[in-house]
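One structure is given here, and the rest of the page talks about it.
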Protein chains: 2
Amino acid sequence: MKWDALEKEPCSLARTVAVIGDRWSLLILRECFVRVRRFDEFQSSLGVTRHLLADRLKKLVRFGVLTRIPYQETPKRYEYILTQKGLDLYPIIMSIVHWGNIHMVDSRGRPLLHEHKNCKKMFDPVMICSECGEPLAAKEVHVHPGPGARKSSRAGAMAR
Amino acid sequence: MKWDALEKEPCSLARTVAVIGDRWSLLILRECFVRVRRFDEFQSSLGVTRHLLADRLKKLVRFGVLTRIPYQETPKRYEYILTQKGLDLYPIIMSIVHWGNIHMVDSRGRPLLHEHKNCKKMFDPVMICSECGEPLAAKEVHVHPGPGARKSSRAGAMAR
DNA sequence: GTTGACAGTTCTAAAAAAGAACTATATCGG
DNA sequence: CCGATATAGTTCTTTTTTAGAACTGTCAAC
């Protein structure tokens, strides 16, 4: 299957995976959230090849996750900044980090701690139901086809 | 950079990306959460090549996200079931789906709706601070090096 | 006028994925 | 017994992607 085909799937997960579902895109976004903005900064902090970096940045701009704005004339230089759409990826990034904190740390402990500026405490992210406020678990959720579902298809299933 | 190197990074995001940071792993996990368990089921619902499917399932088992358990003898047949470690990926999956619901739907609307069995309502996932219960935004979070941080390195940065 | 920063592009080799066919074990129906 | 079907893979060849390194062009500073 091609990446383009993923975008067309009637599945919000598949469509999102088409945008961020590769190694470098996620790592690039991590850098964006710690305020890395320039080509060479990304390159040196990630060690990604310049070719791929240029490619991924273009992709993220194309999808509206980043914008490329000039920060100086002569010579023209650009920065890559998260758009609102990009900032909205934060829960994804945080839930990925949190899972790693729980399941992938070595004996030394977490590489990073997160402080919530509002309450001044170190926290973990918790996912709750928008309606009743209770924490969510996979087994407490039931899925239904929505208006954008493919006809005559099991919920979530792809073609074939 | 090799995938193995990612696992070793002092970064919970990188380590998690080493496990789930490719297209097919995320799609396979989506299927797991709608109770797909068998090789041919995965294959026909995803359209992934059999080779890659075998490879990704092995990887997910190796990382302890899935277990491979026999459901019949003669001939031996196996199912792939989410472990607790795998079930804990749910917030990641849900936040990915939610972002797609907000930013990647077409005019027809969402492919899937989620009902919370506890409160019987259709919901969206919301990420909150474990300490104060307020919804989280990227700009309200400050990061600090934790005990597992690399020395003399900007928080979150990789080598080089 | 040489060096260095920045933001890329171009090239070749190596690795990964796609796509299709093949293998192995066993059941079922006649 | 014979052929068809089911399940869970493996093997093969071709195509696509990625890695790794070098190169380009513009400008500023020394």
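Each chain gets a letter, A, B and so on, in the order its sequence line appears, and its residues count up from 1. Note that the coordinates shown come from a computational prediction; the quantities given were computed from them, not determined experimentally.
- Ranked by how close their nearest DNA chain D nucleotide is to the 5' end, A:D22 and A:T74 are led by A:D22.
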Task: Protein-to-nucleotide contact annotation, 5' to 3' order, nucleotides 19-25 of chain D [B base; S sugar-phosphate only; - none; under 4.0 Å, heavy atom] - done: BB-B--B
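- Between A:L53 atom CG and C:dG8 atom P the separation is 8 Å, expressed in whole Å.
- Residues from residues 56-71 of chain A lying near DNA chain C, meaning a heavy-atom separation below 4.0 Å, are A:K58, A:R68, A:Y71 in numerical order.
- Side-chain atoms of B:Y80 and B:R68 form a donor-acceptor pair, as typed in the model, at a separation below 3.5 Å.
- The existence of a salt bridge linking B:E140 and A:K117 is excluded, since no basic side-chain nitrogen approaches an acidic carboxylate oxygen closer than 4.0 Å.
- Atoms CD (B:E73) and P (C:dT27) sit 12 Å apart, rounded to a whole Å.
- Per the geometry, CH2 belonging to A:W3 stands 17 Å off C1' belonging to D:dT15, to the nearest Å.
- Ring geometry for B:Y90 against B:F33 counts as tilted: the plane angle lies between 30° and 60°, on a 0 to 90° scale.
- Under the 4.5 Å side-chain heavy-atom criterion for Ile, Leu, Val, Met, Phe, Trp and Tyr, B:I81 and B:V34 are members of distinct hydrophobic clusters.
- Which of D:dT26, C:dC6, D:dA8 sits closest to the side chain of A:D40 comes down to C:dC6.
- If you chain together hydrophobic residues whose side chains sit under 4.5 Å apart, A:L113 and A:F123 never meet in one group.
- The cluster map of Ile, Leu, Val, Met, Phe, Trp and Tyr, joined by side-chain heavy atoms under 4.5 Å apart, puts B:V97 and A:L87 in the same cluster.
- One interatomic measurement links the two molecules: CD of B:Q72 to C1' of C:dT27, which rounds to 10 Å at whole-angstrom precision.
- Between A:D40 and A:R77, none of the side-chain N atoms (NZ, or NE/NH1/NH2) sits under 4.0 Å from a carboxylate O, so this pair counts as no salt bridge.
- Less than 6.0 angstrom separates the ring centroid of B:H142 from the ring centroid of B:H144.
- Between the P atom of C:dA16 and the CG atom of B:D55 lies a distance of 9 Å, rounded to the nearest Å.
- The interatomic distance linking B:L46 (CG) with C:dG19 (P) rounds to 14 Å, in whole Å.
- The separation between B:R38 atom CZ and D:dG9 atom C1' is 16 Å, rounded to whole Å.
- Residue A:Y80 places at least one side-chain N or O under 4.0 Å from the OP1 or OP2 atom of C:dG8.
- Across A:I20, A:V19, A:I92, a single residue satisfies side-chain contact (heavy atoms from CB on, under 4.5 Å) together with A:L29, and that is A:I20.
- The distance between atom CD of B:Q43 and atom P of D:dA8, rounded to the nearest whole Å, is 12 Å.
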